[in-house]
Chemist: 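So that we are looking at the same thing, I have put the structure below in C-alpha coordinates.
Residue numbers start from 1 in every chain, and the chains themselves are labelled A, B, ... in the order their sequence lines are given, proteins ahead of strands. Quick caveat: nothing in here was measured; it's all calculated off a predicted structure.
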Amino acid sequence: MTSKSLKVTIERGAAAKSAQHVFHVPAHESQTVLDVVSWIQQYADPTLSYRFACRVGMCGSCAMMVNGVPRWTCRTHVSKVLEGNAITIGPLRNLPTIKDLVVDMDPFFEKWIAAEGMHHGGLTREDPIAPVDEKSAARLEANAGIECINCSVCYAACDTVAGNPEYLGPAALQRAWTLLNDAKDEGRNAILDAVSGKGGCQNCHSMGSCTAYCPYELDPMSAIAGLKRETTKSFFNRVRGC
Amino acid sequence: MLSVRLYFLQRITALLMVPLVLGHLAVIVYAVQGGLSAAEILGRTRESALWFMFYGIFVVAVSVHAAIGVRAVVHEWVGLKGAALEVVMWITGLGLFALGARAVWAVTFA
(Lines give C-alpha, C1' and ligand atoms only; values in the text may rest on other atoms or scores of the structure.)
Protein backbone atom coordinates (compact mmCIF):
# COMPACT_ATOMS: atom_id res chain seq x y z
CA MET A 1 0.00 0.00 0.00
CA THR A 2 1.58 3.25 -1.13
CA SER A 3 -0.66 5.65 0.80
CA LYS A 4 -1.72 5.67 4.44
CA SER A 5 -5.26 6.76 3.69
CA LEU A 6 -7.87 5.58 1.18
CA LYS A 7 -10.42 7.86 -0.46
CA VAL A 8 -13.63 5.85 -0.21
CA THR A 9 -16.81 6.98 -1.96
CA ILE A 10 -19.99 5.36 -0.70
CA GLU A 11 -23.01 5.55 -2.98
CA ARG A 12 -25.85 5.63 -0.50
CA GLY A 13 -29.39 4.59 -1.26
CA ALA A 14 -31.52 4.32 -4.37
CA ALA A 15 -30.38 7.63 -5.86
CA ALA A 16 -26.83 6.37 -5.42
CA LYS A 17 -25.15 8.74 -7.86
CA SER A 18 -26.66 11.80 -6.22
CA ALA A 19 -25.87 10.66 -2.68
CA GLN A 20 -22.14 10.09 -2.74
CA HIS A 21 -20.38 10.42 0.60
CA VAL A 22 -16.59 10.51 0.69
CA PHE A 23 -14.64 9.08 3.62
CA HIS A 24 -10.92 8.88 4.30
CA VAL A 25 -10.11 5.47 5.73
CA PRO A 26 -6.75 4.33 7.17
CA ALA A 27 -5.05 1.85 4.86
CA HIS A 28 -3.76 -1.48 6.20
CA GLU A 29 -2.08 -4.55 4.81
CA SER A 30 -4.47 -7.38 3.73
CA GLN A 31 -7.46 -5.05 4.09
CA THR A 32 -10.73 -6.18 2.52
CA VAL A 33 -13.47 -3.95 1.13
CA LEU A 34 -15.70 -5.20 3.96
CA ASP A 35 -13.05 -4.03 6.46
CA VAL A 36 -13.26 -0.58 4.88
CA VAL A 37 -17.06 -0.45 5.09
CA SER A 38 -16.95 -1.68 8.71
CA TRP A 39 -14.35 0.98 9.62
CA ILE A 40 -16.58 3.72 8.21
CA GLN A 41 -19.60 2.42 10.12
CA GLN A 42 -17.65 2.06 13.38
CA TYR A 43 -15.48 5.21 13.31
CA ALA A 44 -16.92 7.72 10.83
CA ASP A 45 -20.66 7.30 10.31
CA PRO A 46 -22.64 4.91 12.55
CA THR A 47 -25.77 5.50 10.44
CA LEU A 48 -24.24 3.63 7.48
CA SER A 49 -26.25 0.45 6.79
CA TYR A 50 -24.73 -2.59 5.15
CA ARG A 51 -25.12 -6.35 5.34
CA PHE A 52 -22.64 -9.08 6.20
CA ALA A 53 -22.41 -12.22 8.30
CA CYS A 54 -19.64 -14.79 7.91
CA ARG A 55 -16.77 -12.62 6.55
CA VAL A 56 -15.21 -15.67 4.85
CA GLY A 57 -17.12 -16.11 1.59
CA MET A 58 -19.64 -18.67 2.79
CA CYS A 59 -22.89 -16.82 3.49
CA GLY A 60 -23.23 -14.65 0.39
CA SER A 61 -24.66 -11.63 2.20
CA CYS A 62 -21.97 -8.95 1.75
CA ALA A 63 -22.06 -8.52 -2.04
CA MET A 64 -21.87 -4.89 -3.21
CA MET A 65 -20.80 -2.94 -6.27
CA VAL A 66 -17.09 -2.16 -5.96
CA ASN A 67 -15.88 0.31 -8.58
CA GLY A 68 -18.97 -0.61 -10.60
CA VAL A 69 -18.36 -4.37 -10.41
CA PRO A 70 -20.37 -6.78 -8.23
CA ARG A 71 -18.16 -8.52 -5.68
CA TRP A 72 -18.14 -10.26 -2.32
CA THR A 73 -16.68 -7.46 -0.22
CA CYS A 74 -15.36 -9.92 2.38
CA ARG A 75 -13.13 -11.70 -0.15
CA THR A 76 -12.05 -8.66 -2.14
CA HIS A 77 -8.71 -7.19 -1.11
CA VAL A 78 -8.58 -3.43 -1.37
CA SER A 79 -5.16 -3.66 -3.02
CA LYS A 80 -6.70 -5.61 -5.93
CA VAL A 81 -9.39 -3.04 -6.76
CA LEU A 82 -7.87 0.30 -5.79
CA GLU A 83 -7.94 2.88 -8.59
CA GLY A 84 -5.10 5.19 -7.71
CA ASN A 85 -5.93 5.81 -4.09
CA ALA A 86 -9.69 5.65 -4.46
CA ILE A 87 -12.46 3.12 -4.30
CA THR A 88 -16.22 3.47 -4.88
CA ILE A 89 -18.69 1.20 -3.11
CA GLY A 90 -22.41 1.04 -3.86
CA PRO A 91 -25.47 -1.17 -3.37
CA LEU A 92 -25.90 -4.21 -5.64
CA ARG A 93 -27.28 -3.46 -9.09
CA ASN A 94 -30.63 -4.77 -10.38
CA LEU A 95 -32.23 -4.96 -6.90
CA PRO A 96 -34.25 -2.31 -5.01
CA THR A 97 -32.18 -0.49 -2.40
CA ILE A 98 -33.58 -0.50 1.14
CA LYS A 99 -31.01 1.85 2.65
CA ASP A 100 -27.40 2.76 1.86
CA LEU A 101 -25.64 -0.48 0.86
CA VAL A 102 -28.52 -2.82 1.75
CA VAL A 103 -30.67 -4.15 -1.08
CA ASP A 104 -33.99 -5.97 -0.98
CA MET A 105 -33.21 -9.57 -2.01
CA ASP A 106 -36.91 -10.54 -2.31
CA PRO A 107 -37.11 -10.25 -6.13
CA PHE A 108 -34.01 -12.44 -6.40
CA PHE A 109 -35.45 -15.21 -4.21
CA GLU A 110 -38.95 -14.89 -5.67
CA LYS A 111 -37.44 -15.68 -9.06
CA TRP A 112 -35.57 -18.60 -7.51
CA ILE A 113 -38.99 -20.02 -6.55
CA ALA A 114 -40.55 -19.03 -9.92
CA ALA A 115 -37.85 -21.09 -11.66
CA GLU A 116 -38.91 -24.12 -9.56
CA GLY A 117 -35.62 -23.91 -7.68
CA MET A 118 -36.86 -26.30 -5.03
CA HIS A 119 -36.62 -30.05 -4.51
CA HIS A 120 -39.37 -32.09 -6.14
CA GLY A 121 -39.23 -35.33 -4.22
CA GLY A 122 -41.02 -38.49 -5.27
CA LEU A 123 -40.10 -40.87 -2.45
CA THR A 124 -41.29 -41.18 1.12
CA ARG A 125 -39.23 -41.89 4.22
CA GLU A 126 -40.30 -45.53 3.96
CA ASP A 127 -38.64 -45.93 0.56
CA PRO A 128 -35.04 -47.11 0.36
CA ILE A 129 -32.42 -44.44 -0.37
CA ALA A 130 -32.05 -44.14 -4.15
CA PRO A 131 -28.46 -44.63 -5.30
CA VAL A 132 -26.78 -41.74 -7.13
CA ASP A 133 -24.19 -42.48 -9.77
CA GLU A 134 -21.53 -39.87 -9.00
CA LYS A 135 -19.88 -40.38 -12.38
CA SER A 136 -22.95 -40.01 -14.58
CA ALA A 137 -22.96 -37.09 -17.03
CA ALA A 138 -26.11 -35.64 -15.46
CA ARG A 139 -24.60 -35.75 -11.96
CA LEU A 140 -21.46 -33.99 -13.18
CA GLU A 141 -23.66 -31.24 -14.69
CA ALA A 142 -25.55 -30.90 -11.42
CA ASN A 143 -22.35 -30.86 -9.35
CA ALA A 144 -20.97 -28.01 -11.47
CA GLY A 145 -23.61 -25.63 -10.13
CA ILE A 146 -24.58 -26.78 -6.65
CA GLU A 147 -22.05 -24.67 -4.76
CA CYS A 148 -24.01 -21.48 -5.49
CA ILE A 149 -24.62 -19.57 -2.23
CA ASN A 150 -27.24 -17.12 -3.59
CA CYS A 151 -25.05 -14.03 -3.20
CA SER A 152 -26.71 -12.37 -6.23
CA VAL A 153 -23.41 -11.24 -7.76
CA CYS A 154 -24.38 -12.86 -11.09
CA TYR A 155 -27.85 -11.28 -10.91
CA ALA A 156 -26.30 -7.84 -10.35
CA ALA A 157 -23.83 -8.42 -13.19
CA CYS A 158 -26.51 -9.47 -15.71
CA ASP A 159 -27.32 -6.84 -18.35
CA THR A 160 -30.36 -8.83 -19.47
CA VAL A 161 -31.87 -8.54 -15.97
CA ALA A 162 -31.13 -4.79 -16.10
CA GLY A 163 -33.08 -4.39 -19.34
CA ASN A 164 -35.74 -7.03 -18.80
CA PRO A 165 -37.01 -7.14 -15.19
CA GLU A 166 -39.14 -10.22 -15.89
CA TYR A 167 -36.05 -12.32 -16.69
CA LEU A 168 -35.44 -14.96 -14.01
CA GLY A 169 -31.70 -14.35 -13.99
CA PRO A 170 -28.62 -16.58 -13.92
CA ALA A 171 -28.72 -17.86 -10.33
CA ALA A 172 -32.32 -19.09 -10.45
CA LEU A 173 -31.82 -20.69 -13.85
CA GLN A 174 -28.60 -22.38 -12.80
CA ARG A 175 -30.44 -23.81 -9.78
CA ALA A 176 -33.16 -25.11 -12.11
CA TRP A 177 -30.45 -26.72 -14.27
CA THR A 178 -28.89 -28.52 -11.28
CA LEU A 179 -32.31 -29.87 -10.27
CA LEU A 180 -33.10 -30.95 -13.84
CA ASN A 181 -29.92 -33.05 -13.73
CA ASP A 182 -30.53 -34.39 -10.23
CA ALA A 183 -31.52 -38.07 -10.32
CA LYS A 184 -33.52 -37.56 -7.10
CA ASP A 185 -35.58 -34.67 -8.41
CA GLU A 186 -38.85 -35.55 -10.12
CA GLY A 187 -39.95 -32.10 -11.20
CA ARG A 188 -38.64 -32.21 -14.77
CA ASN A 189 -41.82 -30.99 -16.50
CA ALA A 190 -42.52 -28.35 -13.86
CA ILE A 191 -38.95 -27.03 -14.18
CA LEU A 192 -39.03 -26.98 -17.98
CA ASP A 193 -42.37 -25.13 -17.94
CA ALA A 194 -41.03 -22.64 -15.39
CA VAL A 195 -37.82 -21.88 -17.26
CA SER A 196 -39.54 -21.44 -20.64
CA GLY A 197 -42.13 -18.88 -19.56
CA LYS A 198 -41.96 -15.18 -20.44
CA GLY A 199 -38.94 -14.52 -18.22
CA GLY A 200 -37.33 -17.85 -19.06
CA CYS A 201 -33.93 -19.03 -20.22
CA GLN A 202 -34.63 -18.04 -23.84
CA ASN A 203 -34.19 -14.38 -22.84
CA CYS A 204 -30.48 -14.91 -22.09
CA HIS A 205 -28.20 -13.26 -24.67
CA SER A 206 -25.17 -15.31 -23.55
CA MET A 207 -23.20 -12.17 -22.71
CA GLY A 208 -21.49 -14.13 -19.95
CA SER A 209 -21.25 -11.54 -17.17
CA CYS A 210 -22.67 -14.13 -14.74
CA THR A 211 -19.84 -16.54 -15.47
CA ALA A 212 -17.22 -13.77 -15.57
CA TYR A 213 -18.13 -12.35 -12.15
CA CYS A 214 -19.22 -15.43 -10.14
CA PRO A 215 -16.90 -15.39 -7.10
CA TYR A 216 -17.09 -19.21 -6.96
CA GLU A 217 -16.15 -19.42 -10.64
CA LEU A 218 -19.36 -21.27 -11.43
CA ASP A 219 -20.71 -21.14 -14.98
CA PRO A 220 -24.38 -20.10 -15.03
CA MET A 221 -24.16 -19.17 -18.74
CA SER A 222 -23.46 -22.80 -19.68
CA ALA A 223 -26.21 -23.97 -17.33
CA ILE A 224 -28.65 -21.65 -19.12
CA ALA A 225 -27.42 -22.96 -22.48
CA GLY A 226 -28.24 -26.45 -21.16
CA LEU A 227 -31.76 -25.30 -20.26
CA LYS A 228 -32.19 -23.85 -23.75
CA ARG A 229 -31.24 -27.22 -25.26
CA GLU A 230 -33.61 -29.14 -22.98
CA THR A 231 -36.55 -26.76 -23.50
CA THR A 232 -35.99 -27.02 -27.27
CA LYS A 233 -36.00 -30.83 -27.15
CA SER A 234 -39.07 -30.81 -24.91
CA PHE A 235 -40.89 -28.34 -27.22
CA PHE A 236 -40.35 -30.47 -30.31
CA ASN A 237 -41.20 -33.67 -28.46
CA ARG A 238 -44.50 -32.13 -27.40
CA VAL A 239 -45.19 -30.87 -30.94
CA ARG A 240 -44.49 -34.38 -32.26
CA GLY A 241 -46.76 -35.87 -29.60
CA CYS A 242 -49.71 -33.64 -30.63
CA MET B 1 -40.45 -11.16 -22.32
CA LEU B 2 -39.41 -13.29 -25.27
CA SER B 3 -41.82 -16.22 -25.61
CA VAL B 4 -40.52 -19.67 -26.42
CA ARG B 5 -42.27 -19.60 -29.80
CA LEU B 6 -40.55 -16.37 -30.85
CA TYR B 7 -37.24 -17.76 -29.55
CA PHE B 8 -37.57 -20.89 -31.70
CA LEU B 9 -38.69 -18.89 -34.73
CA GLN B 10 -35.60 -16.71 -34.39
CA ARG B 11 -33.30 -19.75 -34.05
CA ILE B 12 -34.88 -21.62 -36.96
CA THR B 13 -34.63 -18.56 -39.24
CA ALA B 14 -30.98 -18.17 -38.14
CA LEU B 15 -30.33 -21.77 -39.19
CA LEU B 16 -32.03 -21.13 -42.52
CA MET B 17 -29.93 -18.03 -43.12
CA VAL B 18 -26.55 -19.70 -42.58
CA PRO B 19 -26.46 -21.50 -45.98
CA LEU B 20 -28.32 -18.63 -47.66
CA VAL B 21 -25.77 -16.04 -46.50
CA LEU B 22 -22.89 -18.29 -47.58
CA GLY B 23 -24.58 -18.86 -50.95
CA HIS B 24 -25.21 -15.14 -51.37
CA LEU B 25 -21.55 -14.32 -50.60
CA ALA B 26 -20.37 -17.01 -53.02
CA VAL B 27 -22.57 -15.53 -55.76
CA ILE B 28 -21.18 -12.04 -55.07
CA VAL B 29 -17.60 -13.32 -55.45
CA TYR B 30 -18.56 -15.25 -58.61
CA ALA B 31 -20.62 -12.44 -60.13
CA VAL B 32 -17.98 -9.69 -59.88
CA GLN B 33 -15.45 -11.73 -61.87
CA GLY B 34 -14.95 -9.87 -65.15
CA GLY B 35 -17.14 -6.91 -64.16
CA LEU B 36 -20.63 -6.49 -62.81
CA SER B 37 -23.65 -5.38 -64.80
CA ALA B 38 -27.40 -5.23 -64.26
CA ALA B 39 -27.90 -7.26 -67.42
CA GLU B 40 -25.72 -10.07 -66.08
CA ILE B 41 -27.62 -10.18 -62.76
CA LEU B 42 -31.03 -10.05 -64.45
CA GLY B 43 -29.89 -12.70 -66.92
CA ARG B 44 -29.34 -15.00 -63.98
CA THR B 45 -32.43 -14.20 -61.96
CA ARG B 46 -35.16 -13.38 -64.50
CA GLU B 47 -37.82 -16.08 -64.55
CA SER B 48 -35.61 -18.37 -62.51
CA ALA B 49 -37.62 -20.40 -60.02
CA LEU B 50 -34.40 -21.38 -58.21
CA TRP B 51 -33.25 -17.81 -57.53
CA PHE B 52 -36.81 -16.77 -56.71
CA MET B 53 -36.95 -19.50 -54.06
CA PHE B 54 -33.41 -18.73 -52.83
CA TYR B 55 -33.99 -15.02 -52.28
CA GLY B 56 -37.68 -15.44 -51.41
CA ILE B 57 -36.83 -17.72 -48.49
CA PHE B 58 -33.98 -15.37 -47.57
CA VAL B 59 -36.32 -12.38 -47.37
CA VAL B 60 -38.86 -14.25 -45.24
CA ALA B 61 -36.12 -15.52 -42.88
CA VAL B 62 -34.56 -12.05 -42.52
CA SER B 63 -37.94 -10.40 -41.88
CA VAL B 64 -38.88 -12.85 -39.13
CA HIS B 65 -35.41 -13.00 -37.57
CA ALA B 66 -34.78 -9.25 -37.53
CA ALA B 67 -38.26 -8.34 -36.31
CA ILE B 68 -37.89 -10.61 -33.26
CA GLY B 69 -34.40 -9.25 -32.60
CA VAL B 70 -35.57 -5.64 -32.85
CA ARG B 71 -38.43 -6.51 -30.48
CA ALA B 72 -35.94 -7.68 -27.82
CA VAL B 73 -33.67 -4.65 -28.30
CA VAL B 74 -36.57 -2.18 -28.11
CA HIS B 75 -37.93 -3.87 -24.99
CA GLU B 76 -34.60 -3.95 -23.16
CA TRP B 77 -33.23 -0.57 -24.23
CA VAL B 78 -36.35 1.57 -24.67
CA GLY B 79 -38.58 -0.22 -22.15
CA LEU B 80 -41.46 -0.63 -24.59
CA LYS B 81 -43.90 -3.44 -23.74
CA GLY B 82 -47.42 -4.71 -24.34
CA ALA B 83 -49.27 -3.94 -27.58
CA ALA B 84 -46.82 -1.17 -28.58
CA LEU B 85 -43.96 -3.68 -28.54
CA GLU B 86 -45.92 -6.10 -30.76
CA VAL B 87 -46.73 -3.27 -33.18
CA VAL B 88 -43.01 -2.39 -33.47
CA MET B 89 -42.20 -6.05 -34.18
CA TRP B 90 -44.87 -6.39 -36.87
CA ILE B 91 -44.02 -3.09 -38.54
CA THR B 92 -40.34 -4.09 -38.65
CA GLY B 93 -41.11 -7.56 -40.01
CA LEU B 94 -43.70 -6.46 -42.57
CA GLY B 95 -41.55 -3.49 -43.62
CA LEU B 96 -38.51 -5.67 -44.25
CA PHE B 97 -40.66 -8.21 -46.05
CA ALA B 98 -42.21 -5.55 -48.30
CA LEU B 99 -38.80 -4.13 -49.23
CA GLY B 100 -37.25 -7.56 -49.84
CA ALA B 101 -40.24 -9.06 -51.64
CA ARG B 102 -40.42 -6.05 -53.96
CA ALA B 103 -36.76 -6.54 -54.92
CA VAL B 104 -37.12 -10.30 -55.42
CA TRP B 105 -40.22 -9.74 -57.53
CA ALA B 106 -38.44 -7.10 -59.59
CA VAL B 107 -35.38 -9.23 -60.44
CA THR B 108 -37.52 -12.26 -61.24
CA PHE B 109 -40.57 -10.98 -63.12
CA ALA B 110 -40.20 -7.28 -63.94
Chemist: With ring pair (Phe, Tyr, Trp, His ring centres under 6.0 Å) as the rule and sequence neighbours excluded, what pairs involving residues 180-233 of chain A come up?
Modeler: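 Output for this query lists A:W72-A:Y216.
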
Chemist: Taking atom OH of B:Y30 as the centre, does the number of heavy atoms from other residues, nucleotides or ligands within less than 6.0 Å exceed 12?
Modeler: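 No, the 6.0 Å shell around OH holds no more than 12 heavy atoms from other groups.
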
Chemist: Nearest 0.5 Å, please: how far is SG in A:C201 from OH in B:Y7?
Modeler: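 Those atoms lie 6.5 Å apart.
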
Chemist: In terms of heavy-atom contacts, does CE of B:M53 have more than 12 from other residues, nucleotides or ligands at under 6.0 Å?
Modeler: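 No, not enclosed.
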
Chemist: Restricting to non-hydrogen atoms, name the atom on B:E76 and the atom on A:N203 that form the minimum distance, rounded to 0.1 Å.
Modeler: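 Answer, listing the atom of B:E76 first, then A:N203: OE2-O, 4.5 Å.
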
Chemist: For atom NZ of A:K99, is the number of surrounding heavy atoms from other residues, nucleotides or ligands below 6.0 Å larger than 12?
Modeler: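 Atom NZ in A:K99 is packed in, count exceeds 12.
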
Chemist: Taking all heavy atoms of B:F8 and all of A:T232, pick out the closest pair and write down the distance.
Modeler: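 Heavy atoms only, the tightest pair is CE2-OG1, 3.1 Å.
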
